Amino acid sequence: MQKNQRIILYIFILIAGASWIVLSANTTNAATGKISAPQAGFAAPDFTLKTPDGEEFTLSELKGNAVLVNLWATWCPPCRAEMPAIEKMYQEYKDQGFVVLAVDMTYQDDPANVVPFIQKYGLTFPVLLEETGDVAALYQLRSLPSSFFINRAGVIQEVVIGGPMSEALLRTRIEEILK
Amino acid sequence: MLTLFRNLFSPPRHMILLFIAAWIGLTFAEKRTERCGVSKDDLNNLTFYSLIAFVIGGRLSFVFQNMPAFTKSPFGIISINPDIFDPLGALAAAILVAFIYGQRRGLLLWNTLDALTPFFAILGIGIGLSHLAAGTAFGKETDLVWGIDLWNSTRHPTQIYETLASLLIFGLVWSQKQNQRPGILFLTYAALTAASQIFIQAFRGDSTLIFNGLRQEQVIAWIALAIIFILFETRLKEKP
């Protein structure tokens, strides 16, 4: 191919590309934010669960706070390993509007282990019991632990699958959702 | 089938797909590397050092960007959690190390890039599959029959488009029997990849929007394509 022919081809491709970019511009961008799904950029799926004491927590009622939803189980080693760091961060940031909802997968856990676990680790944030598997399905749970960092508008900003999360990682994520 | 695949390689296991792709890519690259004037040893060492730099650089870049958090908890730097990672920093570190290795070994830039082209092309397939497994790089909503159920909507299977485009690009670059001039094979791959991104990004549901809804990723790919065309001409000007 001659140089002139190549240049004409380049110009044609670039014009076609630019036209496609303009034609495919997203003027609505209603893709995320309003739809609830367990993925960054989407509204956090809502749920209501109880603590072992019977106190009820609804995620949507916490709008305005930065929330960490941590899905865990007592038999899961990385879940156990990251709990002290979560507790420490909770103490450090709770006055700024940081809330932790630690959702125990009670339907695949031994419920009798939950309260001793809370006492052993000295957890002061709400630990909720997931007895039906509905929240696990809502959050499309595949691995434990799974952590969803939800900003003050109720939108998931970060998802961390697996663990344990270090204090430093928690701190970076929490400071993002507190903004 | 798709559900089975997504369950099998759900995060963080989706990274296995990247490792497999890198391994297969390197195997393919080795087969043609001598033709590009780069020895197998150099290709392997270059890739090995760059991958190490990628991993360490990604971690360090994340740490530097979040220094206050790591100052308070310095042991977090050696945490096994892969989320402590900055992909752009990782890429910059890998390129830097590859450049230094290439300089020390006297490798020619365009020949080396040609030798690595099958590696890049197969890595592209792995990236598409890992996106599919993790549900990231997802498409916008659609009612087309080939839409996939993802994040509570039927969406364009942009991860599958991405994977198929990468497969096609690999097929095209692999079928190039004669490499006319150093750099042409790599630039062909780069141009096809940029063009495919301009096309596929239009169906994404998670684009970063700039100006009047233009997708940032498409604009970057378009600029990259224009630069690639200029490089094509500069390469073709040189005598073989």
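Values in this document were obtained by computation on a predicted structure and should not be read as measured data. In what follows, chains carry the letters A, B, and so on, assigned in the order in which the sequence lines appear, proteins first and then strands, with residues in each chain numbered from 1. All heavy atoms count here, side chains included; hydrogens, waters and symmetry mates do not.
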Open item on the list: Could you report the tightest heavy-atom contact between A:A168 and B:G76, atom names first, then the distance?
Closed with: CB-CA, 4.2 Å
Task: Heavy-atom neighbours of B:F19 CZ exceed 12 at 6.0 Å - done: no
Open item on the list: Treating B:W151 as the side-chain partner and A:Q39 as the backbone partner, does any N or O pair qualify as donor plus acceptor under 3.5 Å?
Closed with: no
Task: Check: B:N152 side chain, A:S36 main-chain N or O, donor-acceptor pair, under 3.5 Å - done: yes
Open item on the list: Quick check on A:E176 against chain B: is it the side chain, the backbone, both or neither that has a heavy atom closer than 4.5 Å?
Closed with: neither
Open item on the list: Can you give me the closest heavy-atom contact between A:G162 and B:N81, atom names plus distance?
Closed with: O-ND2, 3.9 Å
TODO: Hey, can you tell me if B:F199 and A:W20 have their rings parallel, tilted or perpendicular (30° and 60° cut-offs)?
DONE: parallel
Open item on the list: How close do B:D83 and A:V159 get, counting heavy atoms only, and between which atoms?
Closed with: OD2-O, 3.9 Å
- [ ] Of all the heavy-atom pairs spanning B:I198 and A:G17, show the shortest one and how long it is.
- [x] CG2-O, 4.0 Å
Open item on the list: Can you tell whether the side chains of B:K72 and A:E167 come within less than 4.0 Å, N to carboxylate O?
Closed with: no
- [ ] For B:I80, look at atom CD1 and say whether over 12 heavy atoms of other residues, nucleotides or ligands are found less than 6.0 Å away.
- [x] no
Open item on the list: Restricting to non-hydrogen atoms, name the atom on B:A69 and the atom on A:T172 that form the minimum distance, rounded to 0.1 Å.
Closed with: CB-CG2, 3.7 Å
- [ ] Using modelled atom types only, decide if a donor and an acceptor are shared between the side chain of A:R171 and the backbone of B:N66 within a distance under 3.5 Å.
- [x] no
Task: Which portion of A:P38 sits near chain B, non-hydrogen atoms under 4.5 angstrom - done: both
Open item on the list: Test your reading of the model: is there a side-chain donor-acceptor pair from A:S24 to the backbone of B:F203, 3.5 Å cut-off?
Closed with: no
TODO: Evaluate whether atom NZ of A:K94 has more than 12 neighbouring non-hydrogen atoms of other residues, nucleotides or ligands under 6.0 angstrom away.
DONE: yes
TODO: Measure across A:I161 and B:P12 and return the closest heavy-atom pair with its distance rounded to 0.1 Å.
DONE: CG2-CD, 4.0 Å
- [ ] Tell me, for B:S73 versus chain A, whether the close heavy atoms (under 4.5 Å) come from the side chain, the backbone, both or neither.
- [x] both
Task: chain A contact via B:F75 - which portion, at a heavy-atom distance below 4.5 Å - done: neither
TODO: Describe, in one word, how the ring planes of B:F138 and A:F42 are oriented to each other, choosing from parallel (under 30°), tilted (30 to 60°) and perpendicular (over 60°).
DONE: tilted
Task: More than 12 heavy atoms of other groups within 6.0 Å of B:F5 CZ - done: yes
